[in-house]
> 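Mind having a look at this structure? Questions to follow.
What you see is a predicted model; the values in this text were computed from it and never measured.
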Amino acid sequence: MARATPGTGTSGMTTFGTLDELAGLVAARRGLYVRWSLGPGTDMAAMSSRDDLTGLALPGLSANPLDVEEWWEGRPVRVWVARRLYDYSHLPGLKDSRTRPWVLAAREAARGPDNEPLVTDVRPLGWIGDRVIAEADRVVRRHRDSWGPLNRGGTGGG
């Protein structure tokens, strides 16, 4: 299993190399989030996200929870984590090609304008490697027929 490196920099941060490795961490620990950004080296200097629509500074970093919900009812953690990664894997193409996912432990302080958790007391645990994202994509696509269209390419609006 990947080991967490203390501190806020990115140079010594571990990289989770497989979906199973990341799912093992999620199964063993609560209070974990994934954040898609330039990394903790950039994020932790401001410790604030910005609302894209209004430009307002938010009281924490926007992140997505990795904790498995009770309603998942014992289904594979691997599939849960794959879904959580898949839902935001479009962000590098939308925001900045240098955007990467990383795992963090944190405390939820508020909710953002899209009802996303805004977290503080952030402790970076590791990058999520490209191979993990590719595995997550394959897992989710295998469920496409039973889950519906999974259309994440919408342009917004009604």
Side-chain angles (χ1 to χ4, degrees), residues 1-69 72 77-137 139-140 150 152-157:
M1 168 147 317
R3 300 275 179 218
T5 302
T8 60
T10 59
S11 61
M13 231 171 50
T14 190
T15 298
F16 293 93
T18 67
L19 185 58
D20 288 335
E21 190 176 40
L22 184 55
L25 176 68
V26 170
R29 186 169 175 184
R30 295 200 52 85
L32 300 179
Y33 297 83
V34 61
R35 177 160 166 80
W36 293 78
S37 72
L38 299 180
T42 301
D43 292 343
M44 295 187 65
M47 199 52 75
S48 174
S49 290
R50 189 161 297 281
D51 176 33
D52 286 340
L53 183 62
T54 64
L56 290 172
L58 301 172
L61 296 175
S62 60
N64 297 101
L66 290 173
D67 290 347
V68 178
E69 296 287 343
W72 191 246
V77 174
R78 184 177 198 274
V79 176
W80 173 268
V81 173
R83 171 68 190 271
R84 301 304 297 154
L85 295 175
Y86 179 88
D87 283 347
Y88 293 91
S89 62
H90 66 284
L91 289 178
L94 184 66
K95 296 227 176 223
D96 185 319
S97 62
R98 298 170 298 164
T99 298
R100 295 177 58 197
W102 53 284
V103 179
L104 55 138
R107 180 181 62 81
E108 187 174 329
R111 288 282 172 154
D114 295 321
N115 200 34
E116 76 279 15
L118 300 174
V119 298
T120 59
D121 300 331
V122 171
R123 292 171 309 285
L125 299 180
W127 293 107
I128 297 173
D130 292 341
R131 178 178 168 196
V132 178
I133 302 305
E135 284 183 80
D137 185 69
V139 167
V140 170
L150 299 172
R152 301 290 188 257
T155 58

> What residues form a side chain to side chain donor-acceptor pair (under 3.5 Å) with R78, not counting sequence neighbours?
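D20, E135.
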> Supply the atom-to-atom distance L85 CG to N64 CG, rounded to the nearest 0.5 angstrom.
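Rounded to the nearest 0.5 Å, the CG-CG separation comes to 9.5 Å.
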> What's the separation between atom CZ in R83 and atom OH in Y86, rounded to the nearest 0.5 Å?
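If I round to the nearest 0.5 Å, the distance is 9.0 Å.
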> Can you list the residues that meet the side chain to side chain donor-acceptor pair (under 3.5 Å) rule with T120, with sequence neighbours excluded?
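Listed in chain order: R107.
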> Work out which heavy atom in A23 is nearest to a heavy atom in V81; give both atom names and the distance.
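Looks like CA-CG2, 4.1 Å.
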> Minimum heavy-atom separation for W127 and G39, please, with both atom names.
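Shortest heavy-atom contact: CH2-CA, 3.5 Å.
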> If you look at every heavy atom in V26 and L66, which pair is closest and at what distance?
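What the structure gives for the nearest pair is CG1-O, 3.2 Å.
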> Quickly, which of L56, D43, L58 forms a side-chain contact (heavy atoms from CB on, under 4.5 Å) with S49? Name it, please.
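Exactly one pass, corresponding to L58.
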> Applying side chain to side chain donor-acceptor pair (under 3.5 Å), can you list everything that pairs with D130, at least two apart in sequence or on another chain?
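Once residues adjacent in sequence are excluded, D130 has no partner under the side chain to side chain donor-acceptor pair (under 3.5 Å) criterion.
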> State, yes or no, whether a side-chain contact exists between L118 and E116 at a heavy-atom distance under 4.5 Å.
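Yes; the side chains approach each other to less than 4.5 Å.
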> Identify the heavy atoms of P124 and M44 that sit nearest to each other, and give their distance.
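What the structure gives for the nearest pair is CG-SD, 3.7 Å.
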> Would you check if L32 and L125 make a side-chain contact, meaning some heavy-atom pair closer than 4.5 Å?
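Yes, at least one pair of side-chain atoms sits under 4.5 Å.
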> I need the D67 CG to W80 CH2 distance, nearest 0.5 Å.
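CH2 of W80 is found 8.5 Å from CG of D67.
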> If I compare all heavy atoms of Y33 with all of P117, which pair ends up nearest, and what's the gap?
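Heavy-atom minimum between the residues: CE2-CB, 4.0 Å.
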> Return the CH2 to CG distance between W102 and L38, rounded to the nearest 0.5 Å.
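It is 11.0 Å, given to the nearest 0.5 Å.
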> Nearest 0.5 Å, please: how far is CG in L61 from CG in L104?
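So the CG of L104 and the CG of L61 are separated by 7.5 Å.
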> Between R35 and S62, does any side-chain donor sit less than 3.5 Å from a side-chain acceptor?
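Side-chain D/A pair, R35 to S62: present.
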> Measure across A109 and P59 and return the closest heavy-atom pair with its distance rounded to 0.1 Å.
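So the minimum-distance heavy-atom pair works out to CB-O, 4.1 Å.
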> May I ask you to test the R100-I128 pair for a side-chain heavy-atom distance under 4.5 Å?
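Not touching, per the 4.5 Å side-chain cut-off.
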